[in-house]
S.K.: 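Sharing a structure below in structure tokens format, with a few things to ask.
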Amino acid sequence: MDVHDLGEGEPEVAVVGAIHGDEPCGARAVRRLLDADLDVERPVRLILANEEALDAEVRYLDADLNRSFPGDPDAEAHEERLAAEVLDALDGCTTLAIHSTQSYAEPFAVVDSMDEVARAVAPHLPVDAVIQTDAFTEGRLIEHPHTLEVEAGLQGSDGAADNAYWLSRAFLAATGVTPAPGAEDVIDAGGREDVAVFRLRERIPKPDAEVYEVFARNFERVEAGEPFAAADDEQLRADEPFYPVLLSPYGYRDQFGYVADRVGTIE
């Protein structure tokens with residue numbers, strides 16, 4: 001784990017990249033933040049979490065770090081020990097964790113629940129949706145207080161790396177660390193008119209097959225009876241209306257993605 005502190009005093013805000021070693025966008029964003037020589041109003045901590053997996057260009061070495069929290073400092077698995085170190089480094093911080101996905105090119109935010117931090121920060125991020133995952137957060141960093149994840153874009157793409165940097169800058173502005181880019185005051189963080197909120201309801205299992213396809217688009221309503229994916233020649237149709245989230249043919253080993261409900265907006 002590589003940790004950099006900016007500003008005077010104990011950090012109150014943190015940005016974390018490289019929780020997964022095959023998602024370099026967060027690491028690139030952290031390095032770009034360091035190169036930017038930011039003038040910070042509040043102390044901030046920048047973390048490259050799983051350096052070993054990042055160097056090996058693999059998701060993890062022994063266990064998925066984002067399924068290993070709170071971790072165990074005495075565990076045999078590298079990521080289980082690392083999870084404990086990461087949580088210790090983030091103690092007392094409002095935190096942004098950066099990820100990327102194989103299913104969607106545009107940024108969106110992921111939270112455990114719509115707490116006061118999510119409601120205060122999410123509208124100031126360049127995202128069009130917030131995903132509430134409270135039924136599916138076991139072992140993830142967002143289980144822990146004052147933490148948001150962002151999916152910055154398609155895994156390994158330059159677009160995701162650029163998005164990750166601007167998501168980080170918006171997060172730092174929203175938490176009073178720096179002015180928004182182009183603004184003169186740290187409180188001028190901009191904002192979206194409204195951000196759609198979706199809540200995950202259940203996983204969409206993938207049958208055994210050689211070839212998978214998806215027809216539906218993430219965050220766009222699928223009507224009852226409409227085909228949304230296929231496994232070989234078998235089409236999967238919706239039993240009832242839903243919104244697909246993280247839907248992709250090969251993003252997960254045993255599922256297409258998630259069924260979600262649209263539950264409102266943050267303004």
Side-chain angles (χ1 to χ4, degrees), residues 1-31 33-34 42-102 109-113 115 117-118 121 131-152 155-156 164 168 171 175 200 203 246 251-255 258:
M1 182 171 65
D2 190 18
V3 179
H4 300 266
D5 290 347
L6 307 180
E8 299 295 327
E10 188 66 22
E12 302 168 340
V13 176
V15 176
V16 184
I19 285 178
H20 291 135
D22 61 351
E23 298 176 6
C25 63
R28 291 173 65 179
V30 167
R31 290 167 182 151
L33 289 172
L34 291 170
R42 299 176 67 192
V44 60
R45 177 162 286 170
L46 307 177
I47 296 177
L48 296 179
N50 201 342
E51 287 184 283
E52 292 85 348
L54 183 67
D55 290 343
E57 298 181 350
V58 296
R59 189 171 183 82
Y60 54 81
L61 301 184
D62 299 323
D64 189 333
L65 177 57
N66 210 30
R67 300 297 184 274
S68 298
F69 293 100
D72 179 353
D74 300 317
E76 291 187 10
H78 164 69
E79 279 81 7
E80 291 180 12
R81 296 192 306 272
L82 181 58
E85 293 179 31
V86 171
L87 272 191
D88 184 62
L90 295 175
D91 185 40
C93 290
T94 299
T95 299
L96 181 75
I98 303 171
H99 291 269
S100 55
T101 175
Q102 295 186 33
V110 183
V111 299
D112 176 37
S113 61
D115 62 11
V117 173
V121 174
I131 312 305
Q132 184 177 340
T133 64
D134 50 351
F136 302 94
T137 55
E138 185 175 358
R140 293 176 63 163
L141 183 56
I142 53 172
E143 270 193 305
H144 300 277
H146 311 305
T147 302
L148 296 87
E149 288 183 0
V150 287
E151 297 283 355
Q155 186 173 327
S168 301
F171 172 74
T175 51
L200 300 189
R203 295 181 174 89
L246 291 169
Y252 298 97
R253 181 180 57 82
D254 57 358
Q255 67 184 72
Y258 293 90

S.K.: So which heavy atom on Asp74 is nearest to which on Asp72, and how close?
M.R.: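 For Asp74 and Asp72, the tightest heavy-atom pair comes out as N-OD1, 2.9 Å.
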
S.K.: Tell me if a side-chain donor or acceptor on Glu80 pairs with a main-chain N or O of Ser68 at a distance below 3.5 Å.
M.R.: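 It does not hold such a pair.
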
S.K.: Report yes if the side chains of Leu6 and Leu33 come closer than 4.5 Å at any heavy-atom pair, otherwise no.
M.R.: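 When only atoms from C-beta onward are counted, Leu33 and Leu6 do not touch, as no gap falls below 4.5 Å.
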
S.K.: Side-chain contact test, heavy atoms from C-beta onward, threshold under 4.5 Å: evaluate it for Tyr60 versus Leu65 and give yes or no.
M.R.: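 No. Closest side-chain heavy atoms not under 4.5 Å.
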
S.K.: Do Glu23 and Arg59 have side chains that get closer than 4.5 Å, going by heavy atoms?
M.R.: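 The answer is yes; the side chains approach within 4.5 Å.
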
S.K.: Any donor-acceptor pair under 3.5 Å linking the side chain of Asn66 with the backbone of Leu141?
M.R.: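 Yes: the side chain of Asn66 pairs with the backbone of Leu141.
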
S.K.: Any side-chain heavy atom of Pro43 sitting closer than 4.5 Å to one from Asp5?
M.R.: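 Pro43 vs Asp5: side chains apart.
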
S.K.: Can you name the closest pair of heavy atoms from Pro11 and Cys93 and give their distance?
M.R.: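 Nearest pair, atom of Pro11 first, then Cys93: O-SG, 3.4 Å.
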
S.K.: Can you tell me how far the CG atom of Leu82 sits from the CG atom of Leu87, to the nearest 0.5 Å?
M.R.: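 It is 10.0 Å, given to the nearest 0.5 Å.
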
S.K.: How long is the straight-line distance from NE2 of His144 back to OG1 of Thr137, given to the nearest 0.5 Å?
M.R.: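 NE2 of His144 is found 9.0 Å from OG1 of Thr137.
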
S.K.: Taking all atoms of both residues into account, what is the closest heavy-atom pair of Val86 and Ala49, and its distance?
M.R.: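 Nearest pair, atom of Val86 first, then Ala49: CG2-CB, 4.2 Å.
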
S.K.: Atom CZ in Arg31, atom CG in Leu34: separation rounded to 0.5 Å?
M.R.: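 So the CZ of Arg31 and the CG of Leu34 are separated by 9.5 Å.
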
S.K.: Listed by chain and number, what are the ring pair (Phe, Tyr, Trp, His ring centres under 6.0 Å) partners of His146, not counting sequence neighbours?
M.R.: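 Partners of His146 under the ring pair (Phe, Tyr, Trp, His ring centres under 6.0 Å) test: none.
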
S.K.: Could you tell me whether the side chain of Glu149 and the main chain of His99 form a donor-acceptor pair under 3.5 Å?
M.R.: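 Side chain of Glu149 to backbone of His99: no pair is present.
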
S.K.: Just how far is it from atom CG of Leu246 to atom OH of Tyr252, taken to the nearest 0.5 Å?
M.R.: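 Here the interatomic distance stands at 4.0 Å.
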
S.K.: When rounded to the nearest 0.5 angstrom, what is the spacing between CG in Asp88 and CD in Glu85?
M.R.: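 Asp88 atom CG to Glu85 atom CD measures 8.5 Å (nearest 0.5 Å).
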
S.K.: Rounded at 0.5 Å granularity, tell me how far CD in Glu138 sits from CZ in Arg67.
M.R.: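 If we round to the nearest 0.5 Å, Glu138:CD and Arg67:CZ are 10.0 Å apart.
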
S.K.: Could you tell me whether the side chain of Ile131 reaches within less than 4.5 Å of the side chain of Leu200, counting heavy atoms only?
M.R.: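 Result yes, sub-4.5 Å side-chain heavy-atom pair found.
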
S.K.: What heavy-atom pair brings His78 and Leu61 nearest, and what distance separates the two atoms?
M.R.: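 In terms of heavy atoms, the two residues are closest at CD2-CD1, 3.9 Å.
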
S.K.: Going by the side chain to side chain contact (heavy atoms under 4.5 Å, CB included) test, name the single residue among Val150, Ile98, Leu96, Val44 that passes it with Phe171.
M.R.: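 The single option meeting the side chain to side chain contact (heavy atoms under 4.5 Å, CB included) with Phe171 is Leu96.
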
S.K.: Using modelled atom types only, decide if a donor and an acceptor are shared between the side chain of Arg45 and the backbone of Ala89 within a distance under 3.5 Å.
M.R.: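 Yes, Arg45 side chain to Ala89 backbone: donor-acceptor pair under 3.5 Å.
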
S.K.: Using a 4.5 Å cut-off on heavy atoms from C-beta on, say whether the side chain of Thr175 contacts that of Glu12.
M.R.: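 Side chain of Glu12 against side chain of Thr175, heavy atoms only: no contact under 4.5 Å found.
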
S.K.: Less than 4.5 Å apart, any side-chain heavy atom of Val111 and any of Ile142?
M.R.: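 No, too far: nothing below the 4.5 Å cut-off.
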
S.K.: Given 3.5 Å as the limit, does a donor-acceptor pair link the side chain of Glu57 with the main chain of Asp22, or not?
M.R.: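 Such a contact is absent between Glu57 side chain and Asp22 backbone.
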
S.K.: Hydrogens and angles aside, do His20 and Asp64 bring a side-chain donor and acceptor to less than 3.5 Å of each other?
M.R.: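 His20 vs Asp64: donor-acceptor pair found between side chains.
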
S.K.: Please report the shortest heavy-atom distance between Arg140 and Phe69, naming the atom on each side.
M.R.: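 Nearest heavy atoms, Arg140 then Phe69: C-CD1, 3.9 Å.
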
S.K.: Answer whether the closest heavy-atom distance between the side chains of His4 and Leu48 falls below 4.5 Å.
M.R.: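 Result no, sub-4.5 Å side-chain heavy-atom pair not found.
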
S.K.: Ignoring hydrogens, what is the shortest heavy-atom contact between Ala118 and Leu148? Give both atom names and the distance.
M.R.: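 In this case the closest contact between Ala118 and Leu148 is CA-CD2, 4.3 Å.
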
